[in-house]
Structure formats: structure tokens, C-alpha cells
Amino acid sequence: MATALKTREYKGLDREQMISIYRTMYLSRRIDDKEIQLKGQNKIFFQISGAGHEAVLVAAAMALKPAYDWFYPYYRDRALCLQLGMTPLEQLLSAVGAEADPNSHGRQMPSHWGHTKLNIVSQSSPTGTQFLQAVGCAEASYRATLVEELQSLVKGFQKDEVVYVSTGDGTTSEGEFWEALNTASNLKLPVLFLVEDNGYAISVPVEVQTAGGDISKLVAGFPDLYIQKCDGTDPIESLETLRRAVDYCRARRGPAFVHAQVIRPYSHSLSDDEKLYRPDEERTSDAERDPVKRFGALLIEEEFLTQDELQKIKDEVDREVLEAADLALLSPQPAPETATQFVYSPDVDPTAKEFDSEEGAELSGNAGTMVDLINRCLHTEMARDNRIIVFGEDVADVSREENLEKVKGKGGVFKVTANLQRKFGSARVFNSPLAEANIIGRAIGMATRGLKPVVEIQFFDYIWPAYHQLRNEMALMRWRSAGDFSCPVVVRVPVGGYLKGGAIYHSQSGDTLFTHIPGLRVVYPSNALDANGLLRTAIRTDDPVIFLEHKHLYRQAYNKSQYPPDDFMIPFGKAKTVREGTDISIITFGALVQRSIVAAKQAEQQQGISVEVLDLRTLAPYDWDSIVATVKKTGKVIIAHEDALSFGYGAEMAARIGDELFEYLDAPVRRVAALDTFVAYAPQLEDAILPQVNDVAQAITQLYKY
């Protein structure tokens, strides 16, 4: 009778499995406790626990497959990682900031999980950024099912893999959570969303976070989303629920959403004191639902174990944790000289000679605009490399494929991506929702799996919803994992003013906000030929690239070019002297290149001043050697750029020139830039705000007279 009862109640889980569940739950709790002790002894520097979440997390790991499925856990997912195969030592190495820590090699706080062998993708502190990346991870596999050639190119491709992503209840307030659910449901992606609802986001209770206090009710309208709720403090109920959810995803029926009610018996972290906002009776009530205590008691009550046997397991775990902690404390931290390693790819250097085929390149055909030559580059690179995926707002020719033969096609608001969908199909070229974070987050997930997303943000002015993903995720993925993970995405962005009518929200420049971020390459071509060669380098490099395309330059006659060969590349960090001179140097880029050339010609014709113009072409990295050479040559320098004057790119250039080349200067470094305001709609006002030829010419005259 007892055996039948156990089989019925525990769904066929045998004694060994039941004990294993308890052991991992208890192990997770004891690592938390050990870290708390070490923090109190000032031997570690931060602690955030997974206490109270252990049951549903062990269940999730049991329902999934380590090193087969993919995992985007959040900071409370200690027990999940243990059950997947991460060791106590590996977790405690993270706590002490050891170089041997497989999560981040001493670069991130503890509980920021990552493990290449287990397919646990490097996670970060910002709450909610993991959702869209998980969707992109699943989408990489989805795209591979549509394009057979991709199946050997997507890392770890499995036809029935599932991508796990978890969150606390508070983070479901983030917009990217909803964007991720929207895309996962729209594409029926195999993403398992686990919400571990402990009722609090630090001190903010769930009814303040969530309308109605129940997130699973709010998501009920998403099509093909399998929604389940469970008691997350009960590992058996959680396992049954999660197995159903995983089966649903493996069958490719769509995403699944599991809402698990858990507890938080400890404060949010050791930087928080829950006694300040939670009354004793509430905390006591939670303690009565403690999954570790309840499941241990259940094992004894149902005679899986005796009290002595349970204590023996506890003693073994305690010894294991103590030994792991001792080893971790002896493990050295990273050497100081490693701090700059893995900011960029150690394997592919886009400044290297292998990326330089500029000299002697044979051009052919009729001259094309910058739009034409960027489009040609995209066509030839997509034909060369099946990994390239192009998406963004309006980039496809037409989303409804049945209309392809009836219409000319969109191909981007500036026609830069025209006919890519016709040539390479809708699995590789497609439209995204009107959501910039969605574009970048998904691209990061795809790139982590080995694809090469070349995505478009339709206007630079609207890139800001994606800034979180760009700054805290894309630029940092390689560094924060010490090279274990990377996401070499190319982000094409139409940028800049001089449009006559662009106004505030179609004329922004803001390049400084990206050049200031380590880990990003920032490219800014001034003409069609450079755009072609630099984009090809951007695609073939192994770093994330912000590729700025000036809208005013897209179709100018003066910057047209014949077409280069299909292997034409310009390396990053190689400036070009577009006009020789001896009296004054202008260092510039983008739309100010042509304005500087015109001003230089005027200065020579009218005043006999010989002006050299240096086009940087890439802003990060930039060509310091060419800057040094031109400064030494002329002794007088103007830095001209389109963005606002204060705190801009020119300020950094001027500071470095003044610092390192002071003895070669015959005058102060002069800057020409936009006013410290915004670009207006009225043409007369726009002209006054943005730097014009006359502004550059005036600077030349004044500096020459110094």
C-alpha cells in the first residue's frame, strides 16, 4: 500500500530521484548560507541568494537537458545551475572573484551565471535584458530549420532544443519582457518563460508591480502561449508542470509560460533588510512554506529516508560546501594586467593588413551612390556567407510574400536593403516589430549562436530604446565572460542632419555616446566607396559594430563611386587624407568632410592658405598615426564634426593632441561643431545650428592668423 501511494503521489519518481532533488535543494541553500557567512567575514564582496526558489529550479533543470537546451537564468537560479551540472566550487569561485570562475572569471558579481559547457549564456545585472536574447537564441535554431545550410553553422543546433529564460515577478514590468513574449508567440519559438514569483521586487510588492497582482492573467491573450501555474515550493508539482511546458516547446507548438509561486525567506540581497518593510507575521508565514524543510520532512514522512539518513546527507553536503569554500578562497583573482583582455576579439583584428584591399582596387561600372554601394556590399556578402541575417523595421521588400511579384518592394525607407529578400528569401531577410530593443536583443541571441546579424535601426534618433542592449549587453558580452561568449552584430544606423525638414527627431548625431563604450567598433564613412569597403570589413570582423550612414550623404553626386570588387575592404583605424595641405589640418568625418574640402578650397583660392583634410572614416578605433603625421606637418589643427560642441568627439581629439603633441602645435586646437542645442525644422534655423562651410572657413582664417 505504501509503495502504491508513493508511486501515485510522486509520479514514478524513485527513491534515488527523490533524494537527489532534496540534496540539490539543500546544497543550494547551504551555498547561500556559506556565502552569507563569508560576506560577514569580508572574504567575499556581494551576495544575493536563491533561497526559497530551489524547488522549482531543480524541477526546471530536471525537465530540460544540459548542454543540449539553452539557458538564460537570472540571479536567483543557483539551484538550476547546480542541477544542470555546475559544481559548488564553480559557484564559490564566482563569489570570491577568482580567475578560475567559469561564470565570468572574476569579472561579474556572484550569481551572474554563465557556463559554456552547459549552454548557460553569460548573464548580466540589468533586469529583463535576457528575454529578447533568449528569443534570439531560439530564433537562430528556428531560422536554421528554414534554411538547411544554417544547421551546420548554428552552434549546438538541435531540431527540438528548448531555450529557458527565467525572471522574478518584478522584472515582468519591463517592456522587453512583453516584446519577447510578442515575438516568441508570433514566431511560435520554443522558449520556456519561468516566472519565479516571490511576491516582491526588493521592497515593492507584486500588487504594485502588476495590475491585478497576477502576471499569468495578463499574458493570457498571447496566441500559442502555453500558460501554467504551480506551487514553486513543491518540487514534484513543479516538475510535472515544467515537463508539460517543455514537451509543448519541443513539439514546436509555441512558447510556454510557467508562473511559479515561491518564497523569499532571506532579504533581496545582503544590501537589503526586509525587516524594514515586511512584518514578522508575513515572514513567518513564508518560513512555513520553506521548500527545503518541507521536502525533507516529506521524505521522512513517506519513509524514503530516516531522520538519521537525512542528517547524513546534510552532513555530507555541509562538508562539500566547506571544502569548496576553502578551495575557492585559495584560488587567485585575475592578474591586473588582464583587465583589458577581451574588450575586443583576440582572434580577428579589423585594423590588420588582411582587411586592406584598398590600394589598386579596380573599379567598374557606372558610378553609384552610397545607397547603391552599401546595397551591393550586402548582396555580395550575403551570397558569400549564409550566416548573415538581415532584419529591422521595413528592411524587407514586402512581409506578405504572396505580394512579392505584385509590388516593387520597400527594401528600407532609404532603399538600402532593396531586393535582398527577393534574392535570399524571407528566412534571412525579414521585418521586425517597431521596437528597437527587440531588434538588438534578438540579434545578440542569434550572434551568440554563431549567426551574423546585420540589423538596421531605421533612424539614429530612435536608437535609444535599444541603448540598454547596446551598452550593457552587446558591447560587454565578450568582456564580462572573459571571451567565453561573443555577439559580433553589425548595427546599421542612418544618422545626421542637413535634411531640410529633418528637425529634432530625424537629425541627431550622438556618435560620442557610442565611441565612449569599450567593446564597440564605430564606423562613419563619408562616401560611397568607403561605405562599401568599411561595411564589408564590419561584417567580416568578430566585434560588434555601429555602422553610421549619413542620410544626407546617401545620394549625393559628389561622393559617388564605381563599384569595387567583391572582396574590397578598408581596415578600421585607417584614415584617408582627402586633400593635401601644409598650413592647417582639418580632422573630420561624415558630412563635415565635404564641407571641409569646400572651405579648404575657398581658403586657398581667396587667401592662399594650404589646408589638409583628414577623413577619419572610423571613430573607434581611430587612426592616431595619421593624426600625428598631419599635426606634425602643419602645426595647426581644426577638428570638425556635426554633433554638438560640448563634451563631443572633438573634445577627446583635442585633449589627446594637446596632451601628446603639444610641442608640435603653433596654435590652440580649434573645434567646429553644432550649437549646444537641437536641430530645428525651419531651414534657416537648421543652418544656424549645424556647422556649415562658412563656419569651417571662418575657423581656417582665424587659426591661420594666430
Side-chain angles (χ1 to χ4, degrees), residues 23-54 57 73-118 120 122-127 168 202 264-276 290 292 313-342 476 479-484:
R23 192 183 193 285
T24 305
M25 290 168 58
Y26 182 74
L27 176 61
S28 180
R29 183 69 60 88
R30 294 304 289 154
I31 296 174
D32 273 331
D33 293 339
K34 187 62 180 178
E35 286 186 352
I36 292 169
Q37 181 190 52
L38 293 172
K39 177 67 170 65
Q41 297 169 343
N42 291 321
K43 293 180 178 178
I44 68 171
F45 323 107
F46 179 79
Q47 206 281 332
I48 190 164
S49 82
H53 293 229
E54 296 96 345
L57 291 170
Y74 92 118
Y75 49 81
R76 302 229 188 264
D77 283 18
R78 182 185 302 283
L80 172 104
C81 295
L82 288 169
Q83 185 66 32
L84 289 175
M86 194 179 291
T87 68
L89 176 58
E90 288 175 328
Q91 296 198 350
L92 288 162
L93 286 170
S94 177
V96 302
E99 192 282 329
D101 157 40
N103 296 275
S104 77
H105 305 276
R107 295 187 168 196
Q108 294 207 80
M109 287 175 165
S111 301
H112 289 48
W113 312 112
H115 202 293
T116 53
K117 293 180 181 179
L118 299 173
I120 303 173
S122 171
Q123 295 301 290
S124 63
S125 292
T127 56
I202 306 185
R264 198 189 75 188
Y266 298 171
S267 294
H268 167 74
S269 72
L270 290 191
S271 302
D272 172 53
D273 182 0
E274 67 172 12
K275 294 177 183 177
L276 298 175
D290 188 308
V292 177
I313 291 172
K314 290 182 178 181
D315 292 343
E316 289 173 354
V317 168
D318 290 346
R319 281 194 300 273
E320 182 180 1
V321 172
L322 183 62
E323 290 170 3
D326 289 343
L327 288 172
L329 289 167
L330 294 172
S331 187
Q333 294 182 13
E337 58 269 22
T338 66
T340 56
Q341 291 179 358
F342 303 111
L476 270 161
W479 189 87
R480 76 184 189 211
S481 67
D484 287 346

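Since this is a predicted model, take the numbers as computed values, not measurements.
Under the 30°/60° scheme for interplanar angles, the aromatic rings of His53 and Tyr74 are found to be tilted.
Expressed to the nearest 0.5 Å, how far CD of Gln37 lies from CD1 of Ile44 amounts to 10.0 Å. Taking OG of Ser267 as the reference point, atom CD of Gln47 lies at 10.5 Å (rounded to 0.5 Å). Summarising the geometry, atom OG belonging to Ser269 is positioned 10.0 Å from atom CD1 belonging to Ile36; distances are rounded to the nearest 0.5 Å. One finds the CD1 atom of Ile31 at 11.0 Å from the OG atom of Ser94 (value rounded to the nearest 0.5 Å). Taking CD1 from Ile48 and CG from Asp272, the interatomic distance works out to 9.0 Å, rounded to the nearest 0.5 Å. The CG atom of Leu27 lies 11.5 Å from the CD atom of Glu316; values are rounded to the nearest 0.5 Å.
In terms of heavy atoms, Glu320 sits closest to Pro88 at OE2-CG, 3.4 Å. Residues Leu84 and Leu118 approach most closely at O-CD2, 3.4 Å, considering heavy atoms. The two residues Met86 and Ile120 have their closest heavy-atom pair at CE-CD1, 4.0 Å. Counting all heavy atoms, side chain and backbone alike, Gln333 lies closest to Gly97 at CG-O, 3.4 Å. When all heavy atoms of Leu92 and Ala325 are compared, the pair lying nearest together is CD1-N, 3.6 Å. Contact between Ser331 and Ala100 at its shortest, heavy atoms only, is OG-CB, 4.0 Å.
A salt bridge links Arg78 with Glu35: at least one charged nitrogen is closer than 4.0 Å to a carboxylate oxygen.
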For this session: Before giving the answer on side-chain contact (heavy atoms from CB on, under 4.5 Å), spell out for Phe45 and Met109 the whole-Å C-alpha distance, their side-chain angles and the decisive distance to 0.1 Å.
Result: CA-CA 8 Å; Phe45 323 107; Met109 287 175 165; over 6 Å; no

Exercise. So Leu38 and Leu329, side-chain contact (heavy atoms from CB on, under 4.5 Å) or not? Walk me through it.
Worked result: CA-CA 10 Å; Leu38 293 172; Leu329 289 167; 4.0 Å; yes

Exercise. Between Asp484 and His105, is a side-chain contact (heavy atoms from CB on, under 4.5 Å) present by the stated rule, with each step listed?
Worked result: CA-CA 10 Å; Asp484 287 346; His105 305 276; 2.9 Å; yes

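No side-chain donor-acceptor contact under 3.5 Å links Gln91 and Asn103.
Test Lys34, Arg29, Arg23, Arg30 against Asp318 for salt bridge (charged side-chain N to carboxylate O under 4.0 Å, His left out) and you get one pass: Arg30. Tested against Arg480, the residues Ser125, Ser122, Ser104 include a single side chain to side chain donor-acceptor pair (under 3.5 Å) partner, Ser122. Between Ser28 and the choices Arg76, Glu54, Gln83, the side-chain contact (heavy atoms from CB on, under 4.5 Å) rule is met once, by Glu54.
No side-chain heavy atom of Trp113 sits under 4.5 Å from any side-chain heavy atom of Leu80. Between Ser124 and Gln108, some side-chain heavy-atom pair lies under the 4.5 Å cut-off. Residues Asp33 and Tyr266 have side chains in contact (heavy-atom distance under 4.5 Å, counting atoms from C-beta outward).
No donor-acceptor pair under 3.5 Å is formed between the side chain of Arg264 and the backbone N or O of Ser49. Of the possible donor and acceptor atoms, none in the side chain of Trp479 sits under 3.5 Å from a partner among the backbone N and O of Thr340. Judged purely by atom type and a 3.5 angstrom limit, Thr338 has no side-chain atom pairing as donor or acceptor with the backbone of Gln341. Between the side chain of Asp77 and the backbone N or O of Pro73 there is no donor-acceptor pair closer than 3.5 Å. Between the side chain of Asp32 and the main chain of Gly50, a donor-acceptor pair closer than 3.5 Å is present.
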